[in-house]
Amino acid sequence: MSIPDWHPATAHTGISDNVLLDWLSGTGSLTQRLKAAGCNDFRVEVLDEQQQPARADEAAALGLAEGHPVWVREVLLHTAGAPRVFARTVADLQAFNAAGVHLENLGSRSLGELLFNDPRIHREPIEISRYPVQWLPADRQHDGCWARRSLFVSDRLQLLVCEVFLPGWPPAA
Ligand SMILES: C=C(O[C@@H]1C=C(C(=O)O)C=C[C@H]1O)C(=O)O
């Protein structure tokens, strides 16, 4: 059972693939970038939205105790005919309810559209790591996939968004 080893994207020396590094460290909307790469063939497949105990790495990033109840959304981002990215978003359930934000009503709309269209929300620095295979959906368990994560923060809420680049990357547009 592997665990992630999050490091600032700027400090990571283990990646020689410049295309991958560019996708991992880009601070703009991944949704927008995927749409462009896939000639606008883009969709969000929601796999799961539910309350779960925070994992240790998530709890540390969010300033919570491990096991604290968090709201989790897991999706596959499809473009150019295939799933390219697995994304897992985590937020503190109590803060979430108190803020009156209804991310649970997002459905198959992209969270990126919401996050990047709200001027009150900013993105904190990106960290990258290999992603533990056992945390990928059962039918997408590939070893050694690169992932990135960052916090999206407003005065009311913080969301931890983690994106895992699946094999077959990048899409040939
Ligand atoms: C953060 C973004 O939103 C993307 C959309 C997500 C969703 O709808 O659940 C999750 C993570 C992201 O890959 C983005 O577009 O950069």
Side-chain angles (χ1 to χ4, degrees), residues 1-12 14-15 20 23-31 34 44-77 83-107 109-116 118 120-166:
M1 174 125 158
S2 57
I3 56 166
D5 178 26
W6 298 110
H7 278 80
T10 46
H12 229 289
I15 301 177
L20 176 67
W23 278 88
L24 282 166
S25 51
T27 55
S29 168
L30 190 63
T31 299
L34 284 170
V44 176
E45 179 188 355
V46 179
L47 300 178
D48 204 10
E49 283 181 307
Q50 58 162 300
Q51 181 177 327
Q52 284 180 22
R55 293 174 177 160
D57 66 319
E58 295 168 339
L62 288 162
L64 303 171
E66 184 177 349
H68 186 92
V70 286
W71 175 84
V72 175
R73 168 175 158 103
E74 292 188 340
V75 303
L76 285 171
L77 306 178
R84 307 293 179 172
V85 171
F86 168 72
R88 174 176 162 105
T89 300
V90 177
D92 179 3
L93 208 62
Q94 279 151 15
F96 198 75
N97 291 340
V101 182
H102 294 290
L103 290 176
E104 70 274 29
N105 295 336
L106 203 60
R109 281 178 299 149
S110 167
L111 182 60
E113 279 160 25
L114 188 151
L115 296 175
F116 285 93
D118 187 335
R120 293 165 303 181
I121 298 177
H122 73 270
R123 170 175 238 165
E124 303 234 316
I126 293 173
E127 296 177 306
I128 62 181
S129 170
R130 299 263 189 197
Y131 198 71
V133 65
Q134 73 274 9
W135 290 355
L136 287 167
D139 55 349
R140 312 254 163 235
Q141 295 203 331
H142 304 280
D143 261 323
C145 292
W146 281 98
R148 66 198 217 136
R149 72 172 192 177
S150 63
L151 284 169
F152 286 83
V153 180
S154 77
D155 55 350
R156 298 190 303 170
L157 193 67
Q158 51 176 2
L159 287 179
L160 181 65
V161 177
C162 173
E163 295 152 334
V164 186
F165 292 81
L166 299 172

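Being a predicted model, the structure only gives us computed values, none of them experimental.
In this structure, CG on Leu111 lies 9.5 Å from OG on Ser29, to the nearest 0.5 angstrom. If you take CZ on Arg149 and CD on Glu124, they are separated by 11.5 Å, rounding to the nearest 0.5 Å. Note that CD1 of Ile15 is 4.0 Å distant from CH2 of Trp146, once rounded to the nearest 0.5 Å. From Ile126, atom CD1 reaches atom CG of Leu24 across 8.5 Å, with rounding to the nearest 0.5 Å. Note that CG of Asp118 is 13.5 Å distant from CD of Glu113, once rounded to the nearest 0.5 Å. Going from atom CG of Leu115 over to atom CZ of Arg123 covers 8.5 Å, rounded to the nearest 0.5 Å.
Two residues are said to be in side-chain contact when any heavy atoms from C-beta on lie closer than 4.5 Å; Phe165 and Leu30 meet this criterion. Here the side chains of Ser150 and Pro125 are not in contact, with every heavy-atom distance at 4.5 Å or above. Taking 4.5 Å as the limit, every side-chain heavy atom of Thr89 sits out of range of all side-chain heavy atoms of Phe152. The closest side-chain heavy-atom distance from Trp71 to Gln51 is not below 4.5 Å. Residues Arg140 and Pro83 meet the side-chain proximity criterion, which asks for heavy atoms closer than 4.5 Å. Using a 4.5 Å cut-off on side-chain heavy atoms (C-beta onward), Leu160 and Leu151 make contact. Contact annotation: the side chain of Cys162 approaches that of Trp6 to within less than 4.5 Å [non-hydrogen atoms, C-beta and beyond].
Formation of a donor-acceptor pair under 3.5 Å by the Glu74 side chain with backbone atoms of Phe86 is not found in this model. Of the possible polar contacts, one joining the Arg148 side chain to the Gly26 backbone as a donor-acceptor pair under 3.5 Å is found. A distance-only check finds a donor-acceptor pair linking the side chain of Arg73 to the backbone of Gly107 [under 3.5 Å]. Looking at Arg84, its side chain never comes within 3.5 Å of a backbone N or O of Leu34 through a donor-acceptor pair. Side-chain N or O atoms of Ser129 include one that pairs as donor or acceptor with a backbone N or O of Asp5 at under 3.5 Å.
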Show, in sequence, the C-alpha distance, side-chain angles and deciding distance for Val75 and Val46, and conclude whether the side-chain contact (heavy atoms from CB on, under 4.5 Å) test is met.
CA-CA 4 Å; Val75 303; Val46 179; 4.3 Å; yes

Before giving the answer on side-chain contact (heavy atoms from CB on, under 4.5 Å), spell out for Val44 and Leu77 the whole-Å C-alpha distance, their side-chain angles and the decisive distance to 0.1 Å.
CA-CA 5 Å; Val44 176; Leu77 306 178; 3.9 Å; yes

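Of the residues listed (Glu163, Arg88, His142), the one engaging Tyr131 in a side-chain contact (heavy atoms from CB on, under 4.5 Å) is Arg88, and it is the only one.
A donor-acceptor contact closer than 3.5 angstrom is absent between the side chains of His68 and Glu66. Using a 3.5 Å distance cut-off with no hydrogens or angles, the side chains of Ser154 and Arg120 do not pair a donor with an acceptor.
Nearest heavy-atom pair across Val153 and Gln158 is CG2-CB, 4.2 Å. Residues Pro69 and Asp92 share a closest heavy-atom pair of O-OD1, 4.1 Å. Shortest non-hydrogen contact noted between Val164 and Ala147 is CG2-CB, 3.9 Å. When all heavy atoms are compared, the tightest approach of Leu166 to Cys145 is CA-SG, 4.3 Å. Between Val72 and Val90, the closest heavy-atom pair is CG2-CG2, 4.2 Å. Across all their heavy atoms, Leu159 and Ala91 have their closest contact at CD2-CB, 3.3 Å.
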